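Here is the structure we will look at.
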Amino acid sequence: MTESIDVAVVGAGQAGLSTSWFLKQADIDHVVLEAGRVAETWRTRRWDSFCLVTPNWSVNLPGGKYAGPDPDGFMILPELVGYIQGWADSFHPPVQENCSVTALDADSDNFVLTTSGGKIRARTVVVASGGYQRAHLPANAEQIPNSVIQLLAEDYTNPSGIPAGAVLNVGSRQTGCQLAEGLHEAGRKVFLACGRAPWGPRRMGGHDLVWWILESGWWDRTPDQLPSPMARLVGNPQNTGRGGGHDLNYRTLQAAGVELVGRYAGAQDGKIHLAADLAQSIEAGDAMTAYYKTWIDALCEKRGLPVPWEMPPPLRVTGRTELDIAQEGISTVIWTSGYRPSYGWVHFPVFDDMGFPVQVDGRSAVPGLYFMGVHFQRKAQSAVLYGVGEDAEIVARHIVDNRR
Ligand SMILES: Cc1cc2nc3c(=O)[nH]c(=O)nc-3n(C[C@H](O)[C@H](O)[C@H](O)COP(=O)(O)OP(=O)(O)OC[C@H]3O[C@@H](n4cnc5c(N)ncnc54)[C@H](O)[C@@H]3O)c2cc1C
C-alpha cells in the first residue's frame with residue numbers, strides 16, 4: 001500500500017527539523033523521513049573529541065535558540081546531540097526514524113518516494129539529507145599501499161582507535177587541523193598535508209571570531225557574490241572550540257610540532273609523494289584571511305572600533321616532498337579533504353555540474369521540490385546552526401503560500 005502525505009521532508013538533521021518546525025507552526029500535514037535517528041550525522045559521523053567550532057550562543061534553531069549556562073562555550077558532541085534531541089522533543093516533529101529514502105521519482109501528479117518502509121506519495125518534497133554527504137578524496141588516493149590503514153574523517157574515532165605509529169592527515173580545513181592537533185597531543189607523530197585554507201584568531205577585541213563573521217556580514221554573502229561556483233568549496237576559517245576555544249592554524253600546529261607538508265600527490269614504492277606547494281598554500285590561505293580581514297576593518301571603521309588584530313608576518317616553511325612510509329613509521333592516513341554533495345537517489349535533473357542542487361531560496365525548477373541545508377543555499381550561513389532556521393522559514397513559507 002502506498003501512503004500519501006502532503007509534504008515529505010527527507011532527513012532529520014537540523015535542516016529537516018527546522019523545516020518541520022515551521023511546517024508545524026503552519027499546521028501543514030507532513031512527515032520527516034530519517035534513515036537513522038534524529039541528528040544521525042552528529043551521532044555517527046563525528047570523532048569522539050568533536051566539539052562545535054561555533055560558540056553556543058550562535059545556535060539559533062527555530063524555537064531552539066541556545067539559552068543555556070555557557071553561551072561562550074562550545075558544546076562537545078554528546079551535549080550537541082542531546083541539545084538537538086531535546087529541541088526535537090520540544091515540538092514533536094513527525095519523524096519516521098530508520099526510514100531510508102532510496103529513490104525520489106514522479107508519477108502523474110505526485111512525487112513518489114521509495115523508502116525502506118515502502119512507497120510514499122507526496123505533493124511536496126523537501127530534501128534535507130545533508131550538505132556534507134560524500135567524502136572527497138584527492139587524485140591517486142588509491143595508491144596508498146595496503147600496509148597503511150586509511151580512514152575517512154567520519155570513520156575516525158580517537159587516537160587509540162588507530163594502529164600505533166605516525167599519521168598522515170590529508171586535508172587541512174577545520175576537521176584536518178582538529179584531528180592533527182588531537183593526534184599530536186596524544187603523542188603521535190603527525191604530518192599534515194596542507195591545502196589553501198583561510199584561518200582567523202579565535203578571539204579578537206573581546207569577541208569571538210563568529211561574532212565578527214556575523215557582524216561584518218561575512219555569513220550574509222550570497223552565492224552570486226563568490227568569484228566562482230568552486231569558491232563554495234572554501235571552508236570556514238581554521239579554528240577550534242576545544243577546551244573553551246583557541247587558535248588553531250598552520251602557525252600554531254607548526255609551533256606545536258606537527259609537520260606541515262604540501263598537498264598529497266600519490267604513493268609509489270613505499271613512499272608518499274607531496275607537492276612542492278606548501279609555501280604557496282600557506283600564502284594563499286593568508287591571502288584569503290587578509291581578504292576576510294578587510295571586512296573586519298570595514299566594520300571597525302563603520303562603528304568607530306579599534307582594528308582588533310593585524311596579520312602576522314608570513315610563515316615560510318618548505319615542506320618535504322617525499323615521506324618514506326617505513327622510515328617514518330606511518331601506520332595511518334586520514335582523509336579530511338572535504339565533502340561533495342550526493343543526491344544520486346533524487347531522480348530529477350536539478351543539479352549543477354558540481355552536484356549541487358540548482359535552486360533559488362531552496363526551490364528547484366521542479367514545482368514542489370525543495371532543498372534545505374545546502375552549503376551556500378541562500379547565504380554562507382545556510383548550512384550552519386546559526387543560519388539554517390532563516391532558510392527553513394523561507395522554504396516553509398513558500399510551501400504554505402503555493403499549495404499545489
Ligand atoms: C565535520 C563538520 C563539522 C561541523 N561543525 C559545525 C559547527 O561547529 N557549527 C555549525 O554551525 N555547523 C557545523 N557544521 C555544519 C553543519 O552544521 C552540519 O553539517 C550539520 O550536520 C548539517 O545539518 P543538516 O541537517 O543539513 O544535515 P545532516 O545533519 O547531515 O542531516 C541529514 C540527515 O538526513 C539523513 N538522510 C540522508 N540521506 C537520507 C535518505 N536518503 N533517506 C533518509 N534520510 C536520509 C541523515 O541520516 C541525516 O540524519 C559542521 C559540518 C561538518 C561536516
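Both counts, for ligands and for their atoms, begin at 1 and track the order of listing. Keep in mind the model is a prediction, meaning the values are calculated, not measured.
Which of R43, R37, Q14, E34 comes nearest to atom 46 (C) of ligand 1 through a heavy atom is settled by distance: it is E34. For atom 36 (N) of ligand 1, the nearest non-hydrogen atom from the set G344, G131, S129 comes from S129. Summarising the contacts of atom 27 (O) of ligand 1 with G13, G130, G16, the nearest heavy atom is found in G130. For the residues L33, T102, V101, the heavy atom positioned nearest atom 42 (N) of ligand 1 is part of V101.
Ring geometry, W42 versus F50: the interplanar angle falls from 30° to 60°, so the pair is classed tilted.
Between R397 and D401, none of the side-chain N atoms (NZ, or NE/NH1/NH2) sits under 4.0 Å from a carboxylate O, so this pair counts as no salt bridge. Looking at D352 and R232, a side-chain N of the basic residue comes within less than 4.0 Å of a carboxylate O on the acidic one, giving a salt bridge.
Both cation-pi conditions hold for R221 and W218: the charged atom is under 6.0 angstrom from the six-membered ring centre and inside a 45 degree cone around its axis. Both tests pass for K189 against the ring of F191: distance under 6.0 Å to the centre and angle within 45° of the axis.
The line from CG of D48 to CG of L77 is 8.0 Å long, rounded to the nearest 0.5 Å.
The nearest heavy-atom contact from the protein to atom 4 (C) of ligand 1 is W42 CH2, 3.9 Å. Counting only heavy atoms of the protein, atom 43 (C) of ligand 1 lies nearest to A35 N, 3.2 Å.
With hydrogens and angles disregarded, a donor-acceptor distance shorter than 3.5 Å links the side chain of T102 to the backbone of T114.
Considering backbone and side-chain atoms together, V53 places an N or O closer than 3.5 Å to an N or O of ligand 1.
Of the heavy atoms in W345, only side-chain atoms (C-beta onward) come closer than 4.0 Å to ligand 1.
Ligand-side atoms of ligand 1 in range of L52: 7 (C), 8 (O), 9 (N), range being under 4.0 angstrom from any heavy atom.
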